[in-house]
Amino acid sequence: MPKQPINVVLNGKPVTLEVEPRTTLLRALREFGVTSVKRGCEEGECGTCTVLLDGKLQKSCMVLAVEAEGRKVVTSEGLLGPDGELHPVQKAFVEEGAIQCGFCTPGMVLAAVDLLNRHPDPTDEQIKEGLSGNLCRCTGYVSIIRAVHKAAAMLKERR
Amino acid sequence: MKQTITNDGVGKWVTRQYDVEKAAGTLQYTDDLRFGPELLHAKAARSTIAHGEIVSIDVSEAMKVPGVVKVILGDQFVHRFGLYLHDRTPLAVGKVRYVGEPIALVVAETEEAAEEGALKVKAKYKELTPIFDPVKEATDNSILVHPELESYEHVPFIVPQPGTNLANWFRIRRGDVEKAFEESEYVVEEAVNCPQIAHGFLEPHCCICKEDPATGYLTIWTAAQSVFATREIIAAGLGYPLNKIRVIAPPIGGGFGGKAGMTIEALCLAGAMDPDVKGRPVKLHISREEVMLTSWVRQGYVARIKMGIDKDGKILGMKNTFYFDTGVSAEYGANPVRSAGYTSTGCYYVPNVWTDSYAVYTNKPFGGAYRGFGLPELMGVMETIIDIAAHKIGMDPVEFRLKNILEPGLKTCTGMPMHNHALPKIIEKVVDKVGIQKKEEPRRPGWKRGKGLALAIKAPAKPADASSSAIVKVLGDGTVEILAATMDMGQGTYTSFAQMASEELGIPVKKIRCIYPDTNSHPYDWQTVASRSCWAMGMAVKRAAADAREQIISLYAQYWQVPPESIVIEHGIVKCRSAGKAEPLDERIQNGFKMPDGYYHGGPIIGTGSFVPPDVIYPDNETGQSPKSVVHFTVGAVGIDVEVDPATGCVEVNRVSSGYDVGKAISPMNVRGQIEGGTVQGISAGLMEGMYYDEKGRLLTPDFTDYKIATIKDIPEEIDSFWEETPEELSPYGNRGVGEHSMISPAPAIGNALFNALGVRIHTYPFSRERVYKAVQMSKTGEEDLWDYPYVQEQNYKKAKKEWF
Amino acid sequence: MLAFEMERPASLKEAFEILSRSGPDTAVKAGGTDLLVWMKKNLVHPELIVDLSLIEELKGISFDPSGGLVIGALATVNEVAEHPQVGKFYPALMDAALSHSDFVMRNKATVVGNLCSAVPSGDMIAPCCVYEGVMHLVGPAGRRKVPVMEFITGPRKNVLQKGEIVKSVELPLPKGHSAGCYLKLGRRNALDLAQVGVACVITDGPGEREYRLSFGAVTPRPVRAKVAEDLLRGVVSPDESLLDKVAEAAMACVDPITDVRASREYRISMVGELTKKALRKCLERF
């Protein structure tokens, strides 16, 4: 099957991805070199491939790449500051020990960023709802909840 | 006098190595490595039946798929592999033995072409009767999964029984158990069973193999826990020189034992070593379904314990019969069977013991290592039956446990004296924190509340000669590189090693980096398993760091012409207060020092350290006795407070308290992480996890749609994790392992809590909503024991209404 | 995943043209969260996928007090869950939307897609039945309306003809004061398919109090518990013995299968238990 070009704004920069109709956004991004989106199940069950697509969370294995034509994609790398500094959510994850193997982390971080956009001062329940689509097998989630609360406080301070 | 000062040495709360890259998403796992257009992709075609002779395999349609380069069949790559027992071929040879077994490897230019090719491989079989029930097949033996068992190589401490389905038979014969039963006031005999469960790590297996066509050198990039074990297993299986195999392990996305030993590498090599392929790298990334279907699982089991107890509540004798469902291969699974066997009286002192622990072959995916390695299985049984026994003799379960606890100095079932530990204190704390002996009103109207306790124990399960070595290099900018071939798969060992090196070198942790394993650069380590790394590799790292420190101090002593004892390394600055000297570690550490005599001395500082446990003796194969069967035990306890919705069987965990005697917490952030994570993994296993098959051996839970693991909404409302520090004598800093232990006891603690809530004993894991609902219904009619025999369920499934129409 | 061709029409007209000349192995997708999984598992191999996601006419949710709620074919489950009138007038749908998969998937999965997939455990089916939803179908031959109850004809089967597309589902506004809920039982608390789902609505219309009950994952086709509903009709606050009778009647109208998610027996029991819970919850909310 011949490939066709699609244009997306990837972490703020316009890029062209070469894809087949069957290419999922996950595979297209990985082929392009953005490997923070992970292949955990490729069936929408694990959340390791989560991205922000036009500001909305999506599991990129459930999006065909052609559907992203002309849209904005943000991955975990895209949260870094101009000098590579971590986003407050990423920083809070590091400080609270909310990372173990790290395979769920990029997706989990994006889900937390999205959650904090919607609920700047979230309850435990809101955190659980917002992160319910992202599996983590290592941490038991407890430290992740701590990290999201901490990130909320850090973001509040920054505002 | 201590000659180093640091703020983030052993015992300090410091953030973890590589977490910045992990948070940013820039850390590259195996699947993230790039090899350019020369990379080929492999995909396995798999057996659709559980047991049969291969009549023919037609690859002609597969070869027609554009991009397919080669299809390799089992008879083109006949090699037996195994860690303890060589019973596994990467591709089926002559026979298939489980649904999902690779029958052909399709190698293609793209992943998509390989997949399409695999779909087009057509096999014909002569079906044989498959076997699934380990208890039946251990005794019947009319159908054999491995009729060739006699010819398989194995290590001396594994005892296969040729002509049967028993891949291993571990025994304890201590005292006179029958006499003990005769002398007992009470005899309790109960059984518990549990299906196979899966690791559920989020990164599927992935590896890339390449053979240099000129030299035959093999390079393997793989998501493996243990590069050296992978290399040794491959070398032995292929009959290949060890030195011609290089294994590189990038960071791995979770292991839990599932990436220990050798996993898919040999299958990938079948492609990479093919004469038509070699020279090009071949990548094998298996899908989630393939992970579920054809990688290690935790073995299912059916276990029976008979216990004799005197009138005061002292256990006099114990007879244990454990049948482990090891599936089609016991190459690794034979050892958890042994591990459960040599710990088969749990945390208790029992003078008379008889144990038979069997690994039984069945036509299912293969059993291997999974966090806890035989002990979640053993304690899943033991802690249930101890609780039953306490109720039967009318004693409080906490008191009954304390009365029989394996006090320091008392002998374990292998005859080894127990070392010092704080288990009674941990039990006391857990009981207090959860209010185990207090009845409380449910928080949710109409629900039932109960509390349960379960103890944990585990020794590192490994060969007696499992050794480790490390190199600590001090670089020209005053930073440190540690080469220790442990895999940090999330447990945080690299942070612990960095803290150890910081402690020994007086250099801040932020200047210390542990490098991911590569057999070409790293010195030898046996495996990253068994909660052994902070202990065994820790010994090597400590020695290597101390060696480097002594070299630095000796050079500075000569350079400054001061006594070595007067020198300290403080936060990376070398000081001699009496001489008024203070200099940072710099390029002289690399290039040498111009000494007062004008000559250069020194050169790059490389500290080395090695370790092998000095005093372990294998248990005797006939009796299981040994003066020191294992290096040490980590003990702990879990208290849990649950509520049940009687209308649905839904279980929610209010609180869990989980404490372990870790000897010394090297890296508290990671100890907490291990306890929290393992506790939730244990709760998940206890409440929802099981691999189920239909009557033809087809896996019914082949993906995350049907193999459920806990989400963030399934965790306890409160997890209290804590530890005690009774120092271990032979240990880098008094520390013992804790990586696996938190997974051991949450499930039986839930079972005990459910009994407390409902008055019904559930003898079958997991405590799924459906099963707990059944228990609720039984409680209404006064029935007390719920036993679902898993293999009967598979037969029942045959008769069930499974389709509409 | 095997290769396929893809078309992305920008209008319904364009979509009809494409569908009129397409072969039998054509799949139509909105969110695609079912289709992509089935394709990945090699359960279906379409040669052509017609992606509706660019068609403006299929987007959005509208509410009109006289007519009711109209959910466009492309409206995601989260859009429905977040719609203020859904929470207010269609709480059973709101509950069901929030119980569907997980927060991220709900940004992609559509309500209409869930109905079209016609998987018996689809969380949108039972609430759309209790709100007496009607599917608006458009095709080259014109438009037709089909009640959700009739739209789904069996597991993964619906009445769509070749070339026909669902434009929207319309849920009439319950008459008078009403309350509703959807209770779902899965194997864990998030991201699971229903073992059993129960949707319940109570209305105080112009006449006597009315109850509507529908179940997910326990029948091959959508079902309303007519006998149970009749037992309750006009009763303002049913007592426990009536609830027991209603539960019995509910259990009698389902015909679940056994699969790895739950046994037939457990599912039947849960229909009874959840029916009682749902009724109590509705009465609480009323």
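The figures that follow rest on heavy atoms only: side chains count, while hydrogens, waters and symmetry mates do not.
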Heavy-atom contact with chain C under 4.5 Å, split by part of B:E289:
side chain
Side chain, backbone, both or neither of B:T648 within contact of chain C (heavy atoms, under 4.5 Å)
both
Under 4.5 Å to a heavy atom of chain C? For B:L119 that would be side chain
Sort C:P256 into side chain, backbone, both or neither according to what part of it lies under 4.5 angstrom from a heavy atom of chain B.
backbone
Keeping B:W804 on the side-chain end and C:D255 on the backbone end, is there a donor-acceptor pair under 3.5 Å?
yes
Interchain contact, B:D694 with chain C, by part (heavy-atom threshold 4.5 Å)
neither
Ignoring hydrogens, what is the shortest heavy-atom contact between C:K40 and B:S287? Give both atom names and the distance.
NZ-CB, 4.3 Å
Given heavy-atom pairs under 4.5 angstrom as the criterion, report whether the side chain, backbone, both or neither of B:T705 touches chain C.
both
C:R187 (side chain) donor-acceptor with B:R769 (main chain) under 3.5 angstrom
no
Please classify the contact of C:K277 with chain B as side chain, backbone, both or neither, using a heavy-atom distance under 4.5 Å.
side chain
Side chains of C:D259 and B:E803: closer than 4.5 Å at any heavy-atom pair?
no
Heavy-atom distance under 4.5 Å to chain B: side chain of C:S263, backbone, both or neither?
both
Measure the shortest side-chain to side-chain distance between C:Y266 and B:K774 over non-hydrogen atoms and say whether it is less than 4.5 angstrom.
no
Between C:D102 and chain B, which part of the residue has a heavy atom less than 4.5 Å away: side chain, backbone, both or neither?
neither
Looking at every heavy atom in both C:A262 and B:E770, which two are closest together, and how far apart are they?
CA-OE1, 3.4 Å
Flag, side chain of B:D714 to backbone of C:N189, donor-acceptor distance under 3.5 Å
yes
Segment of B:E116 engaging chain C (4.5 angstrom heavy-atom cut-off)
both
